[in-house]
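Report on one structure; see the data block that follows.
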Amino acid sequence: MTSIRIGNGYDIHQLVEGRPLILGGVRIEHALGLKGHSDADVLTHAIMDALLGALSLGDIGHYFPPTDPQWAGADSLKLLAQVHHLIAERGWQIGNIDSVVVAEQPKLKPHLNAMRDRISQVLNLTPDQIGIKATTNEKLGPVGQEQGICAYAVALLIAAT
C-alpha cells in the first residue's frame, strides 16, 4: 500500500437571488447566493471531492445525493466532518489541502482567513495545512459573467501510523 494519496475536486454553482452566499463555511454579504440542494458551498464541496477522490471513494453526490430530502439546506461543513470521518476510519489523515475559488464578485480576499480557520477546525488541522486562494475568471465564461462561482481543490492524504 502506498503511504500517500492525492485527490482533486471541482464544484460550480449558479448565482441566484434569495440565497445566502456561503464559501468555506463563511457567510459573505452579497446580493446573490449559490443555488443548490445544500448550502451550495462550492469550496467545501470541492474539498470533499478531493478528499474522497484520493481514496477512490467516489464523490459527494454518492454520499449526499441532491435527490435526498435529508440534505436539503445542509451545512456543508457538517458534511465535510462526515467525509473526514470516512477517511480516518480507513486509516488516513490529511497532510494538506490547497484550493482556489473563482469568482468575479464579491472580492474574497478579506474572507480567506476566516474560511481557512473554519475548515481547519472541522478537519482538526492547523490553518497552515489549508491553502485557499481567490481569483477571477477575467470576465470569461459563466463565472466571468457572474453567473456562478466555482472552486478547485487538491488534497494530500497520508497513511496514519
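- For Arg19 (side chain) and Gly33 (main-chain N/O), no donor-acceptor pair under 3.5 Å exists by modelled atom type.
- Linking ILVMFWY residues whenever their side-chain heavy atoms come closer than 4.5 Å, directly or via other members, places Trp92 and Ile130 in the same cluster.
- Distance alone, capped at 3.5 Å, is enough to place a donor-acceptor pair between the Asp41 side chain and the Gly25 backbone.
- Scored by the ring pair (Phe, Tyr, Trp, His ring centres under 6.0 Å) test, His13 finds His45 as partners (sequence neighbours excluded).
- Residues Asp98 and Lys133 are paired through a salt bridge, judged by an N-O separation under 4.0 Å between the basic side chain and the carboxylate.
- One distance of note links OG of Ser76 with CD1 of Ile60; it measures 7.0 Å at 0.5 Å rounding.
- Through chains of ILVMFWY side-chain contacts below 4.5 Å, Val154 is grouped with Ile4, Ile6, Leu156, Ile158.
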For this session: For Ile149 and Leu21, run side chain to side chain contact (heavy atoms under 4.5 Å, CB included): C-alpha distance rounded to whole Å, both residues' side-chain angles, the deciding distance at 0.1 Å, then the answer.
Result: CA-CA 10 Å; Ile149 294 176; Leu21 178 58; 3.9 Å; yes

Exercise. When you look at Leu34 and Leu23, which way does the side chain to side chain contact (heavy atoms under 4.5 Å, CB included) test go after all the steps?
Worked result: CA-CA 9 Å; Leu34 294 171; Leu23 295 169; 4.0 Å; yes

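- For residues 111-122, no residue pair satisfies the salt bridge (Lys or Arg N to Asp or Glu O under 4.0 Å) rule, not counting sequence neighbours.
- Leu43 and Ile12 fall into different hydrophobic clusters, where Ile, Leu, Val, Met, Phe, Trp and Tyr residues are linked whenever their side-chain heavy atoms come under 4.5 Å apart, directly or through other members.
- Members clustered with Leu140: none, using a 4.5 Å side-chain heavy-atom cutoff among hydrophobic residues.
- More than 12 heavy-atom neighbours from other residues, nucleotides or ligands sit within 6.0 angstrom of CZ on Arg90.
- Listed for the Thr136 side chain is no donor-acceptor partner under 3.5 Å among the backbone atoms of Gly144.
- Within the 3.5 Å criterion, the main-chain N or O of Lys139 finds no donor-acceptor partner in the side chain of Asn137.
- No donor-acceptor pair under 3.5 Å is formed between the side chain of Asp11 and the backbone N or O of Ala151.
- Side-chain atoms of Asp59 do not come within 3.5 Å of backbone N or O of Gly53 as any donor-acceptor pair.
- Counting only distance, with no hydrogens or angles, the side chain of Gln129 and the backbone of Ser120 share no donor-acceptor pair below 3.5 Å.
- By the ring pair (Phe, Tyr, Trp, His ring centres under 6.0 Å) test, Tyr10 pairs with Tyr152, sequence neighbours left out.
- Scored by the side-chain hydrogen bond (donor to acceptor under 3.5 Å, both in side chains) test, Asp68 finds Gln70 as partners (sequence neighbours excluded).
- Between the side chain of Arg27 and the main chain of Ile22, no donor-acceptor pair closer than 3.5 Å is present.
- Taken to the nearest 0.5 Å, the CD1 atom of Ile119 stands 6.5 Å off from the OG atom of Ser99.
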